[in-house]
Amino acid sequence: MNASKRLNLSVQYACARDGLPVRADFFRWARAALDGGGAIAIRLVDIDEGQALNRNYRGKDYPTNVLSFPYDTEPVVQGDLVICPAVVAREAAEQSKPLAAHYAHLTVHGMLHLQGWDHDIDNDAQRMEDKEREILAALGYPDPYAA
């Protein structure tokens, strides 16, 4: 595979690893959402780090499920995703979703952000949600937006 299509992925566990997806899972989800190549780091963090990052970078003083830090899109996508497993697990339970499906969704969602997708405007949000549904269906996961 040439460099323009290769995905270099590192996964950092800055929290307890028990029950969390492994690198191969994140690789499969990230690769499915990536057009072209990439150099991506995924960092799994505890509540305190998740809250500090969300506060410092988004001005929101609570931990969130995923944060995207894009650095470049050419010649390959470069960026970081920060995922807070405690928030992911809580949301999956509240929404009665399989945990792996929620991790897959958030990884795909974050990867789309790294590539410039956004959901601040209704039309953009619909396009992004449709793209997420398409990628997740190809991975064998249900519609994450179904009621």
Side-chain angles (χ1 to χ4, degrees), residues 1-15 17 19-60 62-92 95 97-146:
M1 180 179 286
N2 68 31
S4 66
K5 297 287 185 186
R6 183 176 304 131
L7 171 57
N8 293 314
L9 178 72
S10 66
V11 178
Q12 305 167 355
Y13 294 87
C15 59
R17 278 180 92 147
L20 298 184
V22 297
R23 182 186 177 280
D25 296 320
F26 286 111
F27 185 90
R28 186 168 62 95
W29 302 329
R31 176 77 261 165
L34 182 62
D35 291 330
I40 308 297
I42 296 177
R43 181 173 172 86
L44 292 109
V45 301
D46 63 20
I47 291 281
D48 291 339
E49 185 173 349
Q51 182 166 346
L53 288 167
N54 202 27
R55 179 179 55 246
N56 294 340
Y57 289 96
R58 295 180 62 228
K60 300 183 180 197
Y62 55 85
T64 191
N65 51 24
V66 63
L67 292 167
S68 302
F69 297 94
Y71 302 122
D72 208 346
T73 57
E74 295 295 330
V76 298
V77 174
Q78 298 175 47
D80 298 336
L81 297 180
V82 176
I83 297 174
C84 186
V87 175
V88 175
R90 177 181 47 82
E91 289 176 347
Q95 298 168 22
K97 293 180 178 177
L99 189 55
H102 199 40
Y103 271 108
H105 176 218
L106 294 173
T107 302
V108 166
H109 183 85
M111 289 298 296
L112 291 177
H113 275 309
L114 293 181
Q115 295 169 90
W117 290 77
D118 210 345
H119 50 76
D120 289 337
I121 301 170
D122 286 344
N123 190 37
D124 290 344
Q126 188 62 54
R127 284 183 50 242
M128 188 170 178
E129 288 176 13
D130 290 346
K131 184 68 171 176
E132 290 170 13
R133 286 182 182 100
E134 174 188 320
I135 293 166
L136 291 164
L139 288 166
Y141 292 107
D143 179 350
Y145 298 104

Checking the side chain of [X] only, and the main-chain atoms of [Y] only, is there a donor and an acceptor separated by less than 3.5 Å?
X      : Y     : answer
Asn56  : Ala52 : yes
Asp25  : Val22 : yes
Gln115 : Asp35 : yes

Answer whether the closest heavy-atom distance between the side chains of [X] and [Y] falls below 4.5 Å.
X      : Y      : value
Ile135 : Met111 : no
Leu20  : Tyr103 : yes
Tyr62  : Val87  : no
Trp29  : Ile42  : no
Ile83  : Phe26  : yes

**OP:** Please work out whether the ring planes of His105 and His102 are parallel, tilted or perpendicular, with thresholds of 30° and 60°.
**Re:** tilted
Which heavy-atom pair separates [X] from [Y] by the least distance, and what is that distance?
X      : Y     : answer
Tyr13  : Pro21 : OH-O, 2.5 Å
Asp72  : Glu74 : OD2-O, 3.1 Å
Leu7   : Ala30 : CD2-CB, 4.0 Å
Leu67  : Gly50 : CD1-O, 4.5 Å
Leu114 : Thr73 : O-CG2, 3.6 Å
Leu44  : Pro85 : CD2-CG, 3.7 Å

Subject >> Contacts of Lys60 that satisfy salt bridge (Lys or Arg N to Asp or Glu O under 4.0 Å) - sequence neighbours left out >> reply: none
Does [X] have any side-chain contact (heavy atoms from CB on, under 4.5 Å) partners at least two apart in sequence or in another chain, and if so, which?
X      : value
Ala41  : Ser10, Asp80
Asp46  : Cys15, Asp48, Glu49
Asp130 : Gln126, Arg133
Ala89  : Leu99

Distance check, rounded to the nearest 0.5 Å: [X] atom [atom1] versus [Y] atom [atom2]?
X      : Y      : atom1 : atom2 : value
Met128 : His113 : CE    : NE2   : 3.5 Å
Lys5   : Leu34  : NZ    : CG    : 9.0 Å
Arg31  : Arg28  : CZ    : CZ    : 14.0 Å
Leu136 : Tyr145 : CG    : OH    : 8.5 Å
Asp143 : Glu129 : CG    : CD    : 8.5 Å
Thr107 : Leu112 : OG1   : CG    : 11.0 Å

Original post:
Are more than 12 heavy atoms from other residues, nucleotides or ligands located less than 6.0 Å from atom CZ of Arg17?
Top reply: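 Not buried by this count: 12 neighbours or fewer within 6.0 Å.
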Original post:
Where do Asn65 and His109 land on the side chain to side chain contact (heavy atoms under 4.5 Å, CB included) test, with the steps shown first?
Top reply: CA-CA 11 Å; Asn65 51 24; His109 183 85; over 6 Å; no
**OP:** Please report the C-alpha distance between Cys84 and Ile47 in whole Å, then the side-chain angles of each, then the deciding distance to 0.1 Å, and finally whether the side chain to side chain contact (heavy atoms under 4.5 Å, CB included) criterion is met.
**Re:** CA-CA 7 Å; Cys84 186; Ile47 291 281; 4.1 Å; yes
Original post:
How would you list all residue pairs meeting ring pair (Phe, Tyr, Trp, His ring centres under 6.0 Å) that involve residues 32-58, not counting sequence neighbours?
Top reply: Tyr57-Phe69
